[in-house]
Asker: 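Take this structure, written in structure tokens, and hold onto it; I'll ask about it next.
Note that ligands are numbered from 1 as they come in the structure, with each ligand's atoms numbered from 1 the same way. What's counted below: heavy atoms across the whole structure, side chains too, no hydrogens, waters or symmetry copies. Positions are given from 1 along the sequence.
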Amino acid sequence: MAPKNRWHRRPAELLRVDENFSFADLDHRATPGWTGTKAQGKAFGASRGDLLSELQERLYAHGRTGGNRSVLLVVQGMDTSGKGGVVRHVMGMVDPQGVALRAFGRPTEEELKHHFLWRVRKALPTGGQIGVFDRSHYEDVLVARVDSLVEPEVWEKRYEEINRFEREITESGTTIIKVALLISRREQGLRLMERLHRTDKHWKFDPADVDARTRWEDYQQAYADMFARTSTDVAPWYAVPADRKWYARLAVTELLTHALIDLDLGWPKPRWKVDTQMRRLAATMEGDTLAEARAAAKPTRKKVKRQEQEFAALVADARR
Ligand code: AMP
Ligand code: MG
């Protein structure tokens, strides 16, 4: 039996950042909308795999037949907030062929010669793809601002540039989901210390992480302004409490699932006639093979019909 859907309200409604968002009121350990336990959450998240794969296959098919729709998942968060885990988790549930993953680190010399959106444009998903950004153009109003990498006049005008950029790409068919994984300062301390205790995690540690941590308040302010200035109707932010990793993963899975459902993509219609192609193919087959193929027709159609019904039931359950 499939695990029960224990979302009582959609994370898309509950986590969406609007003008009422406040860091002071945020409970980083909260699990908004999910009424089950951690184990139930994990089981349910895993069960979303079937639905997500079919939704992604539809998107991919749409792209392969010339469609322009795509989805871009932008993942932001402080060090140790679980960006990598969310990315790995999402990627594990879909066909890697249809995913375009890009992690944004410090800009290279080449990248620094260009406008900050240059490297981002090159990494955008094309029709049919799910793009995943591990960090993004938002670093250019976060670290760039907190570490004074550019003058205030420069980062100040980036908010509007980002809004224009995101509007443009939504208009060309991309659905943007922006998630900020929000951990508490206390939880970050624990996670960083754990990395230092574990020789197998030292590779993940960067002394610069401690520098960023000492500027926690500045980062909170930069995040708050980023939310206030760039959570738009076309590309809203979702503030995901992330002290519980399982919840953050479950919530992002649900956001992605709903974004794909909302695309409402059917299977593309072929540009050729099925009957004609069947006749042509039949003419190339031996009598006994043809008989076998004909006998398989009914069960095959039945199987497809059953799959369609299962898919429709999953979509209806997700939408309820
Ligand atoms: P990580 O995601 O842990 O591999 O770290 C990547 C590092 O690159 C972080 O310290 C980011 O702040 C930094 N980074 C990403 N984008 C930019 C940017 N546009 N300008 C400066 N630093 C950046
Ligand atoms: Mg890091």
Side-chain angles (χ1 to χ4, degrees), residues 72-91 100-124 131-163 165-166 176 178-185 187-227 229-230 237 240 242-243 245 248-249 252:
L72 174 61
L73 177 66
V74 172
V75 187
Q76 279 293 154
M78 298 291 286
D79 296 300
T80 75
S81 59
K83 299 184 292 297
V86 162
V87 168
R88 209 175 329 113
H89 191 76
V90 166
M91 303 274 296
L101 168 68
R102 173 76 149 88
F104 290 95
R106 292 182 190 89
T108 61
E109 258 180 55
E110 168 76 356
E111 286 167 352
L112 282 172
K113 286 186 202 144
H114 294 85
H115 186 265
F116 77 101
L117 292 174
W118 179 73
R119 63 176 186 165
V120 181
R121 282 186 193 279
K122 288 199 302 179
L124 290 172
V132 180
F133 284 180
D134 177 348
R135 301 189 191 264
S136 66
H137 42 298
Y138 284 99
E139 290 294 324
D140 295 283
V141 290
L142 293 169
V143 66
R145 165 179 168 167
V146 173
D147 284 355
S148 306
L149 303 180
V150 294
E151 296 298 316
E153 309 82 86
V154 176
W155 58 254
E156 176 58 42
K157 68 173 206 245
R158 284 180 176 167
Y159 298 105
E160 251 329 291
E161 290 182 279
I162 288 174
N163 287 342
F165 168 67
E166 291 183 351
I176 310 176
K178 303 188 293 201
V179 300
L181 305 181
L182 304 177
I183 48 165
S184 61
R185 187 172 144 78
E187 180 70 19
Q188 193 201 38
L190 293 171
R191 291 186 189 176
L192 283 173
M193 193 58 89
E194 190 192 347
R195 282 186 185 176
L196 289 173
H197 281 143
R198 293 180 57 161
T199 48
D200 63 333
K201 298 290 177 201
H202 284 172
W203 64 274
K204 280 193 177 183
F205 185 85
D206 181 343
D209 297 351
V210 182
D211 300 321
R213 178 171 168 78
T214 60
R215 316 210 57 182
W216 191 266
E217 289 307 319
D218 295 337
Y219 270 105
Q220 297 264 100
Q221 191 54 55
Y223 267 86
D225 287 345
M226 171 186 88
F227 283 161
R229 311 262 315 254
T230 65
W237 273 104
V240 183
D243 275 11
K245 285 183 180 169
R249 290 173 192 178
V252 176

Asker: Measure from the side-chain N and O atoms of D209 to the backbone N and O of D206, and report whether any donor-acceptor pair falls under 3.5 Å.
Answerer: yes
Asker: Please state which part of P107 comes within less than 4.0 Å of ligand 1, counting heavy atoms only: side chain, backbone, both or neither.
Answerer: side chain
Asker: Which ligand 1 atoms, with their elements, are less than 4.0 angstrom from a heavy-atom of E139?
Answerer: 11 (C), 12 (O), 15 (C), 16 (N), 17 (C), 18 (C), 19 (N)
Asker: Using a plain distance cutoff, I'd like to know if S136 has any nitrogen or oxygen under 3.5 Å from a nitrogen or oxygen of ligand 1.
Answerer: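 There is no such contact.
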Asker: Checking R215 side chain against V146 main chain: does a donor-acceptor pair fall under 3.5 Å?
Answerer: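 Yes: the side chain of R215 pairs with the backbone of V146.
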Asker: Under a 4.0 Å heavy-atom limit, does L149 contact ligand 1 with its side chain, its backbone, both, or neither?
Answerer: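 It is the side chain that gets close, since no backbone atom is under 4.0 Å.
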Asker: Nearest protein heavy atom to atom 10 (O) of ligand 1, by residue and atom, and its distance?
Answerer: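 Heavy-atom neighbour on the protein nearest atom 10 (O) of ligand 1: R106 NH2, 3.7 Å.
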Asker: Hey, is R119 touching ligand 1 through its side chain, its backbone, both or neither, going by heavy atoms under 4.0 Å?
Answerer: side chain
Asker: Please work out which of V120, L112, V141, V143 has its closest non-hydrogen atom nearest to atom 22 (N) of ligand 1.
Answerer: V143
Asker: Between D79 and R135, is the closest basic N to carboxylate O distance under 4.0 Å?
Answerer: yes
Asker: Is there a protein heavy atom at a distance of less than 4.0 Å from atom 20 (N) of ligand 1?
Answerer: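 Yes, there is a protein heavy atom closer to it than 4.0 Å.
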Asker: If we only count N/O pairs under 3.5 Å, is K83 in contact with ligand 1?
Answerer: no
Asker: Looking only at non-hydrogen atoms, find the nearest pair between S136 and Q76 and report the distance.
Answerer: OG-OE1, 2.7 Å
Asker: Quick one: look at R135 and ligand 1, take heavy-atom pairs under 4.0 Å, and tell me if it's side chain, backbone, both or neither.
Answerer: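 R135 to ligand 1: side-chain contact only, backbone stays beyond 4.0 Å.
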Asker: Distance under 4.0 Å to a non-hydrogen atom of D140: what atoms of ligand 1 satisfy this?
Answerer: 19 (N)
Asker: Check the orientation of W118 and H114. Use parallel for under 30°, tilted for 30 to 60°, and perpendicular for over 60°.
Answerer: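 Plane angle under 30°, so parallel.
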Asker: Sub-3.5 Å donor-acceptor pair from the side chain of D243 to the main-chain atoms of S184, do we have one?
Answerer: yes
Asker: If you count every heavy atom of other residues, nucleotides or ligands that lies below 6.0 Å from M193 atom CE, does the total exceed 12?
Answerer: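 No - once you tally the heavy atoms of other residues, nucleotides and ligands closer than 6.0 Å, there are 12 at most.
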Asker: Backbone N or O of R229 within a donor-acceptor pair of the N163 side chain at under 3.5 Å?
Answerer: yes
